[in-house]
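Remarks on the structure that follows.
One-based numbering, in listed order, for ligands and for the atoms of each. All heavy atoms count here, side chains included; hydrogens, waters and symmetry mates do not.
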Amino acid sequence: MFELTKHFKFDAAHTLERCIDAEPSRRIHGHSYRAAVTVRGRPDPVSGMVIDLGLFERLLAEARDGLDHRFLDEVQDLGPATLENLSVWIWKKLADHCPGLSKVGVYRDSEGDGCVYFGPDA
Ligand SMILES: Nc1nc2c(c(=O)[nH]1)N=C([C@H](O)[C@H](O)COP(=O)(O)OP(=O)(O)OP(=O)(O)O)CN2
Ligand SMILES: [Zn+2]
């Protein structure tokens, strides 16, 4: 069994209601994010691939476009733009057409933050 991961980066703005640092988080601010999408599977014996990485990248394009250079407070079905909700939102965008989807990570590398979602059945 293999895990294949493809990353994509996106930059976006948001606000966030929180108990600490409430004032700065309530103001519109931006982050640079990195998503890491992982599929599990066995390579095709002929191609040697779990999924062609070029096709994998195309499958991720719609999710990236829905987040990159966007105001995340306005993204439909996201909710508060936390790393947790972003990872679930990306999972739901991919679940129907990404065979073997096993986990979605969303990271803010500049702040050392990261979150991994293993799907609704994990
Ligand atoms: N569990 C989570 N907590 C927080 C999230 C999150 O996605 N999941 N996100 C935020 C805010 O996005 C905040 O802007 C980032 O918080 P923080 O890491 O504290 O960084 P700040 O820019 O607010 O302050 P620094 O001084 O730069 O650390 C908050 N919590
Ligand atoms: Zn923030």
Nearest heavy-atom neighbours spanning L67 and A12: O-CB, 3.5 Å
What is the distance from atom OH of Y107 to atom CZ of R34, rounded to the nearest 0.5 Å? 6.0 Å
Ring-plane angle category for H29 and H31, please: parallel below 30°, perpendicular beyond 60°, tilted otherwise. perpendicular
Mind checking whether L83 has an N or O less than 3.5 Å away from an N or O of ligand 1? yes
Could you tell me whether E23 and R27 make a salt bridge, using a distance below 4.0 angstrom between a side-chain N and a carboxylate O? yes
Exercise: identify the closest heavy-atom pair between L83 and C115: CB-CB, 3.6 Å
Listed partners of D68 passing salt bridge (Lys or Arg N to Asp or Glu O under 4.0 Å), at least two apart: R64
Would you mind running through ligand 1 and noting each atom that sits below 4.0 Å from a heavy atom of R108? 5 (C), 6 (C), 7 (O), 9 (N), 10 (C), 12 (O), 15 (C)
Which atoms of ligand 1 have any heavy atom of E84 under 4.0 Å away? 1 (N), 2 (C), 6 (C), 7 (O), 8 (N)
Is atom 25 (P) of ligand 1 less than 4.0 angstrom from some protein heavy atom? no
Quick look: D113 vs ligand 1, heavy-atom contacts under 4.0 Å, and the answer is side chain
Select one of side chain, backbone, both or neither to describe which atoms of T82 lie under 4.0 Å from any atom of ligand 1, heavy atoms only. both
Side-chain touch W91/P120, heavy atoms, less than 4.5 angstrom: yes
Which residues pass the salt bridge (Lys or Arg N to Asp or Glu O under 4.0 Å) test with E84, sequence neighbours left out? none
Can you list every pair that meets side-chain hydrogen bond (donor to acceptor under 3.5 Å, both in side chains) and has a residue in residues 112-122, with sequence neighbours left out? R108-D113
I need the protein N, O or S atoms closer than 2.8 Å to the Zn ion (ligand 2), given as residue plus atom name. H14 NE2, H29 NE2, H31 NE2
To atom 23 (O) of ligand 1, the nearest of R18, H29, E111 on a heavy-atom basis is R18
